[in-house]
2 protein chains.
Amino acid sequence: MLSKTAEYALRATIYIALKGSEENKLGIEEIALGIDSPKSFTAKILQLLTQNNRVISSVRGPNGGFYLTDRARKLPVKAILEAVEEASVITKCVLGLKECSETRPCPMHTQYKNIKKQLKQMFEKTSIQQLVDEFNKGNYFIDNLKGVRKPC
Amino acid sequence: MLSKTAEYALRATIYIALKGSEENKLGIEEIALGIDSPKSFTAKILQLLTQNNRVISSVRGPNGGFYLTDRARKLPVKAILEAVEEASVITKCVLGLKECSETRPCPMHTQYKNIKKQLKQMFEKTSIQQLVDEFNKGNYFIDNLKGVRKPC
DNA sequence: TTAAAAAAAGATATTTGTGTCCTTTTTTGC
DNA sequence: GCAAAAAAGGACACAAATATCTTTTTTTAA
Ligand code: FES
Ligand code: FES
């Protein structure tokens, strides 16, 4: 469905929105640990997301790091996909035709268009903050289980 | 959503089911032309689909080519994805966590699971023949518009 | 039985995605 | 100012996906 790049972009952004703020910026080390992703690769992805402060804001130097502004928190999840150039997932033909259209539909179009519509809705109508809120309801995760957990 | 490999696999299989039969097998040249795909690469993909006659049947030599048995026509579209090892699209976590589960859900899980369910339905409940039937209703396409069409 | 046709198989090339590492720039606090 | 911290940027490495080309095997029909 999505590339590793997009997956890390989504997880990293959620993590930063979740744990960071302008007063408490997060470093790449912590972010990569928090979402189980390769550190340097994630750094590269965050560069894409910080271009023009589109989604993520960053400050260099001591006490620097990444955070999300209130404006950014209101952005749709789609904004993250756009930053990594993968928003086309919500417009493409499932069979890979150059165009997905009603006037020149593929044999799966009728079925797939409903799914695509919901995908579109999900990415366009859900804000980053909504995902944070969802997470904060408890028992949600953005990392992988690592090692063995001690029984309580 | 899907790789080029999967897209070509789907289009090629539909094309063969559509235009071919045991009496009229199709050559790779025609297939690639019919679905707008690179010939040699498509040949490789058809090799995956013909392993053990899983989805596509083939015969070498003069008058040889590709076709679908009646059994194969009844297979779900998912069988094509399985042949190219891409059926995981209907089970994976949208944020790329190792497991998608109710017990360890990501913040998009609640929304995405409905979409995933429909994707699963589409690929599992739709047979190859159903796509052929859909196509045969008319005004469906499996190739790209090429060149300029003369006005009528 | 041989030549031709066609897919299968193998080898290789190219591009893209994923990932790491090193250097540079910016920022801060002393 | 200076040293340290942190992101930004650049260069490189490796793997996977995409694509092409050549050789081999199978099959048919003349
Ligand atoms: S044309 Fe294929 S999904 Fe719309
Ligand atoms: S856990 Fe992420 S989609 Fe189910």
Side-chain angles (χ1 to χ4, degrees), chain A residues 1-13 15-16 20 22-33 35-68 81 83-86 88-89 96, chain B residues 1-13 15-16 20 22-33 35-68 81 83-86 88-89 96:
Chain A
M1 164 71 73
L2 297 174
S3 67
K4 289 283 173 202
T5 297
E7 290 171 353
Y8 297 151
L10 291 166
R11 303 227 297 272
T13 305
Y15 185 87
I16 296 166
E22 185 151 13
E23 302 77 46
N24 179 34
K25 308 188 197 76
L26 306 181
I28 185 62
E29 185 93 41
E30 173 185 355
I31 295 163
L33 272 173
I35 66 169
D36 264 330
S37 68
K39 189 173 72 166
S40 298
F41 187 44
T42 307
K44 280 274 175 270
I45 295 166
L46 291 189
Q47 280 183 39
L48 295 171
L49 288 157
T50 50
Q51 309 271 351
N52 313 111
N53 285 2
R54 254 208 298 196
V55 178
I56 295 177
S57 305
S58 69
V59 175
R60 300 196 216 190
N63 293 312
F66 300 92
Y67 66 98
L68 263 77
L81 298 182
V84 296
E85 302 193 303
E86 224 154 309
S88 60
V89 72
Chain B
M1 163 73 70
L2 297 174
S3 66
K4 289 280 175 203
T5 297
E7 290 172 354
Y8 297 152
L10 291 166
R11 302 225 299 272
T13 304
Y15 185 87
I16 296 165
E22 184 150 13
E23 302 77 48
N24 179 34
K25 306 186 197 79
L26 306 182
I28 185 61
E29 184 93 38
E30 175 184 354
I31 295 163
L33 271 174
I35 67 169
D36 265 329
S37 68
K39 190 173 71 167
S40 299
F41 187 44
T42 306
K44 280 276 174 266
I45 295 166
L46 292 189
Q47 279 181 37
L48 295 172
L49 288 157
T50 50
Q51 309 272 348
N52 315 108
N53 283 3
R54 253 207 300 197
V55 179
I56 295 177
S57 304
S58 69
V59 174
R60 299 197 218 190
N63 292 315
F66 300 92
Y67 66 99
L68 263 75
L81 297 183
V84 296
E85 302 194 303
E86 224 154 309
S88 60
V89 71

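For the numbers below, each heavy atom of this structure counts, side chains included, while hydrogens, waters and symmetry mates do not.
Side chains of Val84(B) and Leu10(B) form no contact here, defined as non-hydrogen atoms less than 4.5 Å apart. Looking at heavy atoms from C-beta onward, Leu48(B) lies out of side-chain contact with Leu46(B) at the 4.5 angstrom threshold. When side chains are defined from C-beta on, Asp36(A) counts as touching Arg11(A), because their heavy atoms get closer than 4.5 Å. Considering only heavy atoms from C-beta on, Leu26(A) comes within 4.5 Å of Tyr15(A) through its side chain.
The phosphate of dT18(D) (OP1 or OP2) has no side-chain N or O of Tyr8(B) nearer than 4.0 angstrom. The side chain of Gln47(A) contributes no N or O atom lying less than 4.0 Å from OP1 or OP2 of dA7(D).
Map Gly61(A) and Leu2(A) each onto its nearest nucleotide of DNA chain C; the residue landing nearer the 5' end is Leu2(A).
The footprint of chain A on DNA chain C, defined by a heavy-atom cutoff below 4.0 Å, extends from dT18(C) to dT28(C).
In this structure, the CZ atom of Arg11(B) is 13 Å from the P atom of dT18(D), given to the nearest Å. One atom, CG of Leu48(B), and another, P of dA17(D), lie 12 Å apart when rounded to the nearest Å. Rounded to a whole Å, the NZ atom of Lys25(B) is 10 Å from the C1' atom of dT27(D). In this structure, the CD atom of Glu30(A) is 10 Å from the P atom of dA7(D), given to the nearest Å. At whole-Å resolution of the value, NZ in Lys4(A) and C1' in dA17(D) are 15 Å apart. The nearest whole Å value for the distance from the CD1 atom in Ile28(B) to the C1' atom in dC21(D) is 14 Å. The distance from atom CD of Glu29(A) to atom C1' of dA5(D) is 13 Å, rounded to the nearest whole Å. One can place NZ of Lys39(B) at 13 Å from C1' of dA19(D), the figure rounded to the nearest angstrom.
Residue contacts shown for Leu46(A) are absent, as no nucleic acid heavy atom lies under 4.0 Å away. Residue contacts shown for Ser40(B) include a base, since a base heavy atom lies under 4.0 Å away. Nucleic acid contact class of Leu26(A) (heavy atoms, under 4.0 Å, all strands): sugar-phosphate only. When heavy atoms are screened at a 4.0 angstrom cut-off, Lys44(B) is found touching base atoms of the nucleic acid.
Of the inter-residue distances, the one linking Glu7(A) atom CD with Ile45(A) atom CD1 reads 10.0 Å to the nearest 0.5 angstrom. Here Ile16(B) contributes atom CD1 and Thr50(B) contributes atom OG1; the two are 9.0 Å apart, rounded to the nearest 0.5 Å.
Crowding of Lys39(A) atom NZ: a count of heavy atoms from other residues, nucleotides or ligands under 6.0 Å not exceeding 12.
Here the side chain of Pro62(A) is nearest to one of dA5(D), dT28(D), dA8(D), namely dA5(D). Comparing dT26(D), dA8(D), dT18(D) by their nearest atom to the side chain of Ser3(B) picks out dT18(D).
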